[in-house]
Amino acid sequence: VDEATGFGNCVRYIQKINEMIDEYRRYNHIFSFIMIKSNKCDFKMKPTRFLIDLIKNQTRKSDLIAKFNEETLLILLPHTQLRNSLIFANNLKVNVNGHMFEDDDQFNLIISVDSIEEGDVERVIYRRLEDMVLEDLIEDVPEERVTIKFNEDKLEQETKPHKDSTNVH
């Protein structure tokens, strides 16, 4: 457990995501994951403490939050589709953007959100999230404090009815 945040560390995250990948393969238990990158890495600073408290208050007991490295938090959301993970991410965005921080507490967050895909392994998932973040870092500085990145095609696919589903009246 990380002392500054109270969150698990990357070792616990890797163990848990591998367990969840195994459950997905065996039982088709879906899950989503969120990566939060901050340009302020000191978890004792007020904006980051505010973010940590927000995350703790918005997660369920079954969710796993991990401090992956000095600038990255990861959240695993079991039994959660992409659209519901986006609701979680948007709630963080609204709360952070709406909070009044002191002028010297300027920071930005990039939140990347994704869900499990057939054939995923831990490294592939992390790379996909990281690629979303890197894509945003190449662009100009965002106007808002928080930017959310996700695969729009996957979200659209998730919300379409499946061919094998039937409506019984």
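Count residues from 1 along the sequence.
Contact record, Glu122 with Ile21: N-CD1, 3.6 Å, taken as the closest heavy-atom pair. Closest non-hydrogen pair, Arg60 versus Asp63, comes out as NH2-OD1, 2.6 Å. Residues Phe31 and Ile125 share a closest heavy-atom pair of CZ-CD1, 4.5 Å. Closest of all the heavy-atom pairs between Asp120 and Ser115 is OD2-O, 4.2 Å. The minimum heavy-atom distance linking Val133 with Met35 is given by the pair CG2-SD, 3.9 Å.
No donor-acceptor pair closer than 3.5 Å links the side chain of Thr80 to the backbone N or O of Ser85. Judged by distance alone, the side chain of Asp53 and the main-chain N or O of Phe50 form no donor-acceptor pair under 3.5 Å. Under the 3.5 Å distance criterion, the side-chain polar atoms of Asn90 are left unmatched by any main-chain donor or acceptor of Leu86. At least one donor-acceptor pair closer than 3.5 Å links the side chain of Asn95 to the backbone N or O of Asn91.
Residues Val113 and Phe88 fail the side-chain proximity criterion, which asks for heavy atoms closer than 4.5 Å.
Of the inter-residue distances, the one linking Ser112 atom OG with Ile148 atom CD1 reads 10.5 Å to the nearest 0.5 angstrom. Rounding to the nearest 0.5 angstrom, the gap separating the NZ atom in Lys37 from the CE atom in Met132 is 13.5 Å. One distance of note links CG of Leu76 with CG of Leu64; it measures 5.0 Å at 0.5 Å rounding. The distance from the CE atom of Met20 to the CD1 atom of Ile30 is 9.5 Å, given to the nearest 0.5 Å. One finds the CZ atom of Arg83 at 13.0 Å from the CZ atom of Phe150 (value rounded to the nearest 0.5 Å). Rounding to the nearest 0.5 Å gives a distance of 9.5 Å between CD1 of Ile52 and CD1 of Ile65.
Members clustered with Val124: Val121, by chain and number, using a 4.5 Å side-chain heavy-atom cutoff among hydrophobic residues.
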| request: Please assess Leu51 against Ile36 for the test side-chain contact (heavy atoms from CB on, under 4.5 Å), listing each intermediate value before the final yes or no. | output: CA-CA 10 Å; Leu51 177 64; Ile36 302 172; 4.1 Å; yes

| Leu92 vs Leu109, side-chain contact (heavy atoms from CB on, under 4.5 Å): CA-CA, chis, key distance, verdict | CA-CA 10 Å; Leu92 288 177; Leu109 298 175; over 6 Å; no

| message | Is there a side-chain contact (heavy atoms from CB on, under 4.5 Å) between Ile116 and His29? Walk through the geometry before answering. | response | CA-CA 9 Å; Ile116 186 75; His29 289 173; over 6 Å; no

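Tyr24 meets the ring-ring contact (aromatic ring centres under 6.0 Å, His included) test with no other residue; sequence neighbours excluded. In this structure, the side-chain hydrogen bond (donor to acceptor under 3.5 Å, both in side chains) partners of Asp114, at least two apart in sequence or on a different chain, are Arg128, Lys154. With sequence neighbours excluded, no residue forms a side-chain hydrogen bond (donor to acceptor under 3.5 Å, both in side chains) with Arg123. Taking Lys16 as the reference, nothing meets the side-chain hydrogen bond (donor to acceptor under 3.5 Å, both in side chains) condition, with sequence neighbours excluded. Remark: Gln15 engages Val11, Arg12 in a side-chain contact (heavy atoms from CB on, under 4.5 Å) (not counting sequence neighbours).
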